[in-house]
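Every number for a ligand or one of its atoms is a count from 1 in the order of the listing.
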Amino acid sequence: MAGRRTLGIVKPDGIVNGKLGLILAHVERAGFKVRAARLVRLSRAQAEAFYEVHRGRPFYEELVTFMSSGPCLPFALERADAVATFRATIGATDPAEASPGTIRKLFAESKGRNAVHGSDSDENAAREIGFFFTEAEVADLAQ
Ligand code: CMP
């Protein structure tokens, strides 16, 4: 059964461009409850670790440099079928290919600077939530 949690990140372009509030409004309108959130500035090593699965791919260096270039807002989300619903809410990786009304279509600049991240599986959602938040931080707010 599909899980109820996923991890999203408002990336540095979303925050620097002043879109944080609008992006979170879209997330809430899609029926998600924000269970944990924190403004962070990732070190290069933290960005490398978070995107370890992409190490060796042609865009990895650019991705790590960008994600450590400014503030990010990781957030843990909850609703039914969280991973698939959030990916539908944010749209395709490349905003040029994203459907109208999706967060990336509305707010992203390019495939690299694409405003938001969303976990791609329940397994990765659990790993990624654990990367930023303790279980207590997520669960304590779930009442
Ligand atoms: P994200 O959902 O954060 O997961 C991995 C990221 O790698 C992805 O969003 C994009 O921002 C980035 N990415 C994927 N493919 C490319 C690409 N071809 N060029 C640049 N960045 C990419």
Side-chain angles (χ1 to χ4, degrees), residues 1-135 137-139 141-142:
M1 200 180 75
R4 293 186 55 82
R5 285 183 181 175
T6 193
L7 187 278
I9 305 176
V10 180
K11 297 187 179 187
D13 58 318
I15 294 182
V16 169
N17 294 338
K19 305 300 183 191
L20 177 58
L22 290 170
I23 290 171
L24 290 179
H26 270 257
V27 172
E28 291 189 315
R29 212 175 295 141
F32 290 94
K33 299 287 186 210
V34 179
R35 294 306 190 196
R38 183 181 294 126
L39 196 64
V40 299
R41 172 81 187 251
L42 295 177
S43 67
R44 190 172 179 85
Q46 287 172 318
E48 286 177 354
F50 183 80
Y51 282 113
E52 184 63 36
V53 65
H54 293 304
R55 190 183 288 275
R57 298 181 71 175
F59 56 84
Y60 180 73
E61 281 306 312
E62 179 190 328
L63 175 62
V64 165
T65 298
F66 172 58
M67 290 300 287
S68 55
S69 70
C72 288
L73 188 93
F75 46 90
L77 297 176
E78 189 171 309
R79 63 153 278 165
D81 199 10
V83 167
T85 306
F86 190 60
R87 288 177 74 77
T89 302
I90 65 180
T93 304
D94 185 343
E97 295 168 11
S99 300
T102 59
I103 291 174
R104 284 171 171 159
K105 178 57 104 186
L106 289 165
F107 305 117
E109 299 170 24
S110 64
K111 208 175 203 177
R113 300 169 68 88
N114 64 353
V116 281
H117 166 81
S119 307
D120 64 3
S121 66
D122 287 345
E123 184 187 4
N124 281 337
R127 181 186 77 80
E128 292 177 0
I129 290 171
F131 187 91
F132 290 107
F133 305 107
T134 66
E135 180 56 30
E137 283 175 311
V138 180
L141 288 169

- prompt: Has the side chain of R41 got a donor or acceptor atom that lies under 3.5 Å from a matching backbone atom of S68?
  reply: yes
- request: Would you check if the side chain of R38 reaches a backbone N or O of F132 as a donor-acceptor pair within less than 3.5 Å?
  value: yes
message: Under 4.0 Å, counting heavy atoms only: does K11 come that close to any atom of ligand 1?
response: yes
message: Tell me whether E61 reaches ligand 1 (any heavy atom closer than 4.0 angstrom to a ligand atom).
response: no
Heavy atom of the protein closest to [atom] (residue, atom name, distance):
atom                    : value
atom 1 (P) of ligand 1  : H117 ND1, 3.3 Å
atom 18 (N) of ligand 1 : K111 CD, 3.5 Å
atom 5 (C) of ligand 1  : H54 NE2, 3.5 Å

message: If you measure every N or O of T93 against every N or O of ligand 1, does any of those distances drop under 3.5 Å?
response: no
message: Is the terminal nitrogen or CZ of R55 (NZ for Lys, CZ for Arg) located under 6.0 angstrom from the six-membered ring centre of Y60 and within 45° of that ring's axis?
response: no
query: What distance do R113 atom CZ and K11 atom NZ have between them, rounded to the nearest 0.5 Å?
result: 10.5 Å
Those atoms of ligand 1 less than 4.0 Å from some heavy atom in R104: 2 (O), 9 (O)
query: Yes or no on side chain to side chain contact (heavy atoms under 4.5 Å, CB included) for E128 and T6, after CA distance, side-chain angles and deciding distance?
result: CA-CA 8 Å; E128 292 177 0; T6 193; over 6 Å; no
task: Show your reasoning for whether side chain to side chain contact (heavy atoms under 4.5 Å, CB included) applies to N17 and E109.
output: CA-CA 10 Å; N17 294 338; E109 299 170 24; 2.8 Å; yes
field: Identity of the nearest option to atom 12 (C) of ligand 1, non-hydrogen atoms only, from F59, F66, Y51
entry: F59
